[in-house]
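Below: the structure, in structure tokens.
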2 protein chains.
Amino acid sequence: MSDPRARNGRPTSRDVAQDAGVSQSTVSLVLGGKWHGRVSPATARAVQETADRLGYRPNAAARNLRLGTTRTVLLVVPTLTAPFFGSVYIGAARVAARHGFGIVVYPPDDARPAGPAGNPAGSPFAVPHEAIDGIIASSMTQQALSGFGGTPVVMLDSGPAAAAPTVDFAVEDGMRAVVAHLAALGHRRFGHVAVDLDEWTFQARGEAVADAVAALPGGVLDRAAGSIDVTSAKEAAGRLLDRPVPPTALICDDDLMAAGAYKAARARGLDVPGDLSVTGFDDVQVAVAIEPELTTVRLPARELGEQGMSALLDLLEGGRPETRPLPVELVVRASTAPPSTAPPRT
Amino acid sequence: MSDPRARNGRPTSRDVAQDAGVSQSTVSLVLGGKWHGRVSPATARAVQETADRLGYRPNAAARNLRLGTTRTVLLVVPTLTAPFFGSVYIGAARVAARHGFGIVVYPPDDARPAGPAGNPAGSPFAVPHEAIDGIIASSMTQQALSGFGGTPVVMLDSGPAAAAPTVDFAVEDGMRAVVAHLAALGHRRFGHVAVDLDEWTFQARGEAVADAVAALPGGVLDRAAGSIDVTSAKEAAGRLLDRPVPPTALICDDDLMAAGAYKAARARGLDVPGDLSVTGFDDVQVAVAIEPELTTVRLPARELGEQGMSALLDLLEGGRPETRPLPVELVVRASTAPPSTAPPRT
DNA sequence: TTGTATGCGTTATCAA
DNA sequence: TTGATAACGCATACAA
């Protein structure tokens, strides 16, 4: 016997064929939906019925092997604990569904499978071992991209310098809009609460803030970095607030960090926005959960997913997808106001 | 020619064999890591080198077909926009990795693929068509479970009545602890801001609150339902607060809803916790992002994922996994205090 | 209208 | 120590 595995209880198309008294190819034809004019309606109906009765479900591995395609793409995201990526998924899944594709999500997080037992780590087996046609990688560092082999990849929110087709946000526009808004309110002394991650989007945000403030007569910028959580952001914001001449506005790289900035302000008896203006970035749920509601930059996450999937589809068909940065939108809410001390007159 | 598809540029083990001047089975042995004592070290090294040089990656579909197993399980979650499920994933992925399994996430959300083009909707092809060994379904309604065919399933947070092995939280204990905490503070008039979803966990929460309040001398309970978002929760809480005799404590089914309750209170000039106590459930990020920080019930999400994966592994090996509800923990923070008006003395 | 034969790329058995 | 060979389940070209 050369059959090493326990024969799974699942019926095969052969079983269906046998039970229905037809050949396996007929079953394949019928269940594949391409029997019209090739199989008699009566036979087709019979086959369909036996398949249902037996609870037949095609073996995906066999089908994939035969077809050479899985109509499945992998969405790789840096984390699942940020609601942002849920929206990216929804956008991508919608477009995918329209083309008969499925999407699975693969968050590297901290727990990568080691590959099938018995294989040395670092072997080609160590990468996600699902059968997929392509990959959409969102907001990853460049180095995280290694190991995808020859699989077609579209990168999201990873900057124009990426080694693959990419869809980006116009984050620079967003930061410029933030600074302009704050400047119009009268602010000149800014603090940038930055994310301490080596990803394009945060670097771009940082540079845009620096440039915009530098271009502002009398503008001065201070900066502190932290990780994307409330406590770390509170500390970073606190450092800025404790300077001899503190900023009158805190520009945060992320909405959650803005919540931390609120806390730093409150701990120092500062009112937001009366004594300190605060802005966020992303416009996720938390922006309207905190009080006062946050002035922030809305990132069209769903659209990012849509465009990313479209680009990948294009790529899979041999095209060379071209994309433009997605426009972002400043959402002014209640966390920004004129500074309490008059700005220095020039 | 019976090869309908474009031969993908990817090298096969045959290519490697040819290039290395050995047979395909030798390549398989070497790359499979089981060549010790069966292939000469020199040959093994040569094969390994050619494989690397050619960038060989094994075809997952073929391997899956041959092995009859994919060492991949599907984690099905109701949504990806709630950070809770990110933690569930991490837990499951950790356990999976230890056993050489991978996990992909499948959020049904609103965008299901329609199945390969040409197949009638509702056919067996309409389900997630990846090749997987098992399914972990978290916090789903019972009906969403249909269509999984004969694939082994473990359900998470879906109640003991589920038609499959299940891992649950002791949510009733959590709600009892909340009511006890509030009662000890002196509260007697409670409002339950409930989630308007037909999932076990919310039903259990509602019943536990009702029972606990009923068991409390002088306890009265009011109730309003809404969806899991700030605005809806604010409205629901507002309805409770506008009663002729409003509650002195609002028990929310979810942390995000508690944020909405804060807003309803603030809109009515009520101080939290001075005039109104508020509690949440889940203990996700937002609980410490809002002010005052939220008294809530911590759900060990990661552990849920771990236990779920362990149970599935057990199931896949033919076992009958037994699990106990996971203990939850009341986390007292700053949103609860004695009621401002003395409780009615009995 | 239906059945037979073939191959997808891999792993495992067996013979050399 | 190595190579030929079969089989996994399916979709298709082709023959009947």
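Just so we're clear, the structure is a prediction, and the values are computed from it rather than from any experiment.
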Closest non-hydrogen atom pair between A:Ala62 and B:Leu65, with its separation
CB-CD1, 3.7 Å
Which of these passes side-chain contact (heavy atoms from CB on, under 4.5 Å) with B:Thr26: B:Thr43, B:Leu31, B:Val16?
B:Thr43
Phosphate OP1/OP2 of C:dT1 contacted by A:Thr43 side-chain N/O (<4.0 Å):
no
Closest non-hydrogen atom pair between A:Ser310 and A:Val95, with its separation
OG-CG1, 3.7 Å
Looking at CH2 of A:Trp35 and CG of A:Leu29, how far apart are the two atoms once the value is rounded to the nearest 0.5 Å?
10.5 Å
Just checking, any donor-acceptor pair under 3.5 angstrom between side chains of A:Gln307 and A:Thr323?
no
Round to the nearest Å and state the distance from A:Leu67 atom CG to D:dA11 atom C1'.
7 Å
Report which part of the nucleic acid A:Ser40 touches: base, sugar-phosphate, or nothing (heavy-atom distance under 4.0 Å, all strands).
sugar-phosphate
Need the bend value for the helix from C:dT1-D:dA16 to C:dA16-D:dT1: angle between end axes, 5 pairs each end, nearest 10°.
50°
note: A:Leu31, atom CG; D:dG9, atom P; distance rounded to Å ~ 16 Å
Spacing of B:Arg10 atom CZ relative to C:dT10 atom C1', expressed in whole Å
12 Å
Would you say B:Lys34 reaches C:dA12's phosphate, i.e. side-chain N/O to OP1/OP2 under 4.0 Å?
yes
Comparing B:Ser25 and B:Ala61 on DNA chain C - which has the more 5′ nearest nucleotide:
B:Ala61
Report the distance from atom CG of A:Asn59 to atom P of D:dA7, rounded to the nearest whole Å.
18 Å
Grab the CG-P distance between B:Asn64 and C:dC8 for me, whole Å please.
18 Å
Would you mind reading off the distance between B:Arg38 atom CZ and C:dT11 atom C1', rounded to a whole angstrom?
11 Å
Is A:Val27 touching bases, backbone alone, or none of the nucleic acid, heavy atoms closer than 4.0 Å?
nothing
Within this structure, what is the CG-to-C1' distance between A:Leu29 and D:dC14, rounded to whole angstrom?
13 Å
Selection from C:dT4, C:dT1, D:dA11 that lies nearest to any side-chain heavy atom of A:Ser23
C:dT4
Consider only side-chain N and O atoms of B:Asp19 and B:Thr50, and report whether a donor and an acceptor are under 3.5 Å apart.
no
Against the side chain of A:Gln24, the closest entry in D:dA11, C:dG9, D:dG9 is D:dA11
Does A:Ser28 put a side-chain nitrogen or oxygen below 4.0 Å from OP1 or OP2 of D:dC10?
no
Using atom CG of A:Asp15 as one end and atom P of D:dC10 as the other, report the distance to the nearest whole Å.
9 Å
Counting side-chain heavy atoms from CB outward, which of D:dG3, C:dT11, D:dT2 is closest to B:Val22?
D:dG3
Looking at B:Asp157 and B:Asp168, would you say the former's side chain and the latter's main chain have a donor-acceptor pair under 3.5 Å?
no
To the side chain of B:Leu65, which of D:dC8, C:dT10, D:dT2 is closest?
D:dC8
Would you call B:Asp314-B:Arg320 a salt bridge at under 4.0 Å N-O?
no
